[in-house]
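Labels below follow one simple rule: chain letters A, B, ... track the order of the sequence lines, proteins then strands, and each chain is numbered from 1. Heavy atoms only: backbone and side chains are in, while hydrogens, waters and symmetry mates are out. Bear in mind that the values here come from a model prediction, so they are computed numbers and not experimental data.
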There are 2 protein chains.
Amino acid sequence: MAYRQTNKVKEKLDHKKREIIKTAREVFAENSYQGTSIKTVAKKAKIATGTLYLYFTNKESLINMIVDEMFSELLGCIKDERAMYTDGFDKLQASMEACIKVFIKEKNMAKILLIQVPGVNNAFNSRLIEIENELIKLTKEDLDELKTQGRLSGDDTLVSAMAFVGSFRQVIINWLREEKPENLEEAFATLMRYNLRGLGKA
Amino acid sequence: MAYRQTNKVKEKLDHKKREIIKTAREVFAENSYQGTSIKTVAKKAKIATGTLYLYFTNKESLINMIVDEMFSELLGCIKDERAMYTDGFDKLQASMEACIKVFIKEKNMAKILLIQVPGVNNAFNSRLIEIENELIKLTKEDLDELKTQGRLSGDDTLVSAMAFVGSFRQVIINWLREEKPENLEEAFATLMRYNLRGLGKA
DNA sequence: TTATAAAATGAATTTTGGTTCATTTATATA
DNA sequence: TATATAAATGAACCAAAATTCATTTTATAA
């Protein structure tokens, strides 16, 4: 044999793959999945379109990789943050605080998850919806626990969990779209108070 | 001249245009804007693809017409319902009740407005955002009024208004996507209580 | 009834965007 | 340095979907 991939090259390729993913996240965040073309991603990543296909078998596998990463990144942060508390209300707060932290740090992820989500028509979107539902499920579990402890109003915990998540979601979306409210951290405190009252914290 | 459009024909054309719009709403609601083809719309409306272009200059003008109509239909209902009350809390409730009523009656509208929203850079998508922001604005006005009356907690009314609208939005989206909660009317009552507590109704 | 113009048709054309592949460039070993 | 193989290129290819247009059908008025 006259050639075998060396470590240096392997690292270079890895780095290039990360570069493609990073660029794709930016492009998907601005336009939707259906709205962005592979050619655009390739051009922005400064590679030929054919090169992209050396790293990903097709458009779908690229977006799948992105969603998989976002999935574990976000839910990982949430679970880490929650693990620091045992009290139900604290865990609730921890979940949303983790979300906000990640979204502030990774605005592109927030845009893909919250703005570009829409229809359920392709595999990509249904994965995104999965993340959302997972968060609602976690929230509902906290609420059920608090309810059995008698520390909550008797309302339907599923609806309450959706209201809880939805209120955060809306504020974050507006922040992403038009920088209103300007200070998301501050809004977070307001939101937390709003929802604790809403839940009927006893 | 040997031919001039008569009233009977004019009416027939009008009716056909309505028929196309109605069909398109159904198709756009199921697939997204980008996901539906003109041919599908035409076939479902039982006309040739070319015929559709006699009524709309292109795909975009069709969706624009649809969004324009939804815009006035929904906001019209909201304003009508609000006009029946003077008290701030009543007006708040009236807004959301109007939304829910319209969405239950016109599920296709709800799906297009809340789920099939495509990417950000689309002209008609900004109209959708307009509707959402208009509702938040109306809500904020109610909250400001209530605040000056000292009937509300002192929290930021913009964030509260977003939380308010967002909580409803989330529940309606889940209802559209997976029929959970099953009974939207009942969820509405729960949501209303949740938000009134959240607002710090005094 | 017939001539004329409107309305409708759907196959043909154009556009768009994902994917491939023959060719070129870079890298590693002898 | 020469050679074999990996990696990269981007024009060409292909499929799907938007749009057009030559032709046919329908409606009006003389």
Side-chain angles (χ1 to χ4, degrees), chain A residues 1-21 23-24 26-28 30-67 116 119 121-125, chain B residues 1-21 23-24 27-28 30-66 116 118-119 121-124:
Chain A
M1 75 194 74
Y3 178 104
R4 208 163 37 157
Q5 193 184 56
T6 187
N7 265 355
K8 198 179 123 197
V9 170
K10 210 175 274 184
E11 268 169 38
K12 210 179 90 181
L13 295 194
D14 269 10
H15 181 265
K16 192 175 250 185
K17 188 167 189 177
R18 299 280 355 136
E19 202 56 32
I20 294 174
I21 292 176
T23 307
E26 286 168 20
V27 183
F28 284 132
E30 285 318 310
N31 320 286
S32 59
Y33 170 67
Q34 306 198 341
T36 72
S37 81
I38 287 292
K39 275 171 192 166
T40 307
V41 174
K43 192 184 282 178
K44 205 165 180 199
K46 288 183 183 123
I47 56 172
T49 52
T51 309
L52 200 147
Y53 282 85
L54 298 175
Y55 292 84
F56 301 92
T57 52
N58 52 29
K59 188 181 178 184
E60 189 165 340
S61 77
L62 168 59
I63 194 68
N64 273 337
M65 168 115 278
I66 290 176
V67 176
Q116 305 297 4
N121 309 309
N122 53 48
F124 164 59
N125 286 333
Chain B
M1 73 193 72
Y3 179 104
R4 208 162 36 155
Q5 193 184 56
T6 189
N7 265 354
K8 198 178 122 195
V9 170
K10 208 173 274 179
E11 269 168 38
K12 211 178 89 181
L13 295 194
D14 270 10
H15 180 264
K16 192 175 251 185
K17 188 168 189 176
R18 299 278 0 135
E19 203 56 33
I20 294 173
I21 291 176
T23 307
V27 184
F28 283 131
E30 283 321 307
N31 321 285
S32 61
Y33 170 68
Q34 313 208 18
T36 72
S37 79
I38 287 293
K39 269 179 191 158
T40 307
V41 175
K43 192 185 283 180
K44 206 166 180 198
K46 289 182 185 125
I47 56 172
T49 53
T51 308
L52 199 147
Y53 283 85
L54 298 175
Y55 291 83
F56 300 93
T57 53
N58 52 29
K59 190 181 176 182
E60 189 167 340
S61 78
L62 170 59
I63 190 73
N64 273 337
M65 168 114 279
I66 290 176
Q116 301 300 6
N121 14 297
N122 222 309
F124 79 83

**OP:** Would you please name every residue forming a side chain to side chain donor-acceptor pair (under 3.5 Å) with A:Ser37, sequence neighbours left out?
**Re:** A:Thr40
Subject >> A:Lys17 NZ - D:dA8 C1' separation (whole Å) >> reply: 16 Å
Original post:
Can you tell me how far P of C:dA26 sits from CD of A:Gln5, to the nearest Å?
Top reply: 18 Å
**OP:** Look at all strands and tell whether A:Lys16 reaches a base, only sugar-phosphate, or nothing, counting heavy atoms closer than 4.0 Å.
**Re:** sugar-phosphate
**OP:** Determine the sole option in A:Val41, A:Ile21, A:Ile63, A:Ile38 for which the side chain to side chain contact (heavy atoms under 4.5 Å, CB included) test with A:Phe56 is passed.
**Re:** A:Ile21
Subject >> Nucleotide nearest A:Val9 when distance is taken to its side chain, options C:dA7, D:dA8, C:dA28 >> reply: C:dA28
Subject >> Euclidean distance, atom CD1 of residue B:Ile20 to atom C1' of C:dA7 [Å, nearest integer] >> reply: 12 Å
Original post:
Atom CG of B:Leu52 to atom P of D:dT20: distance rounded to whole Å?
Top reply: 12 Å
**OP:** With heavy atoms under 4.0 Å as the rule, sort A:Tyr55 into base, sugar-phosphate or nothing.
**Re:** sugar-phosphate
**OP:** Give the rounded distance in Å between these two atoms: CG of B:Asp14 and C1' of C:dA7.
**Re:** 14 Å
**OP:** Produce a footprint string for nucleotides 10-23 of chain C: one letter per nucleotide, 5' end first; B if the base is under 4.0 Å from any protein heavy atom, S if only the sugar-phosphate is, - if neither.
**Re:** BB-----BBBB---
Original post:
From A:Ile47 CD1 over to A:Thr23 OG1, what is the distance, rounded to the nearest 0.5 angstrom?
Top reply: 8.0 Å
Subject >> N/O donor-acceptor pair under 3.5 Å between A:Ser32 side chain and A:Gly35 backbone >> reply: yes
Subject >> Of all pairs that satisfy side-chain hydrogen bond (donor to acceptor under 3.5 Å, both in side chains), the ones with a partner from residues 41-55 of chain A, not counting sequence neighbours >> reply: none
Subject >> Atom pair distance, as rounded to whole Å: CD in B:Glu11 and P in D:dA27 >> reply: 15 Å
Subject >> Gap between atoms NZ and P, on B:Lys10 and D:dA27 respectively (whole Å) >> reply: 17 Å
Original post:
Roughly how far, to the nearest 0.5 Å, is CG of B:Leu54 from NZ of B:Lys17?
Top reply: 11.5 Å
Subject >> Phosphate OP1/OP2 of D:dT26 contacted by B:Lys12 side-chain N/O (<4.0 Å) >> reply: no
Subject >> Nearest-0.5 Å distance that lies between atom NZ in B:Lys12 and atom NE2 in B:His15 >> reply: 11.0 Å
Subject >> A:Arg4 CZ to D:dT3 C1', straight-line distance once rounded to whole Å >> reply: 17 Å
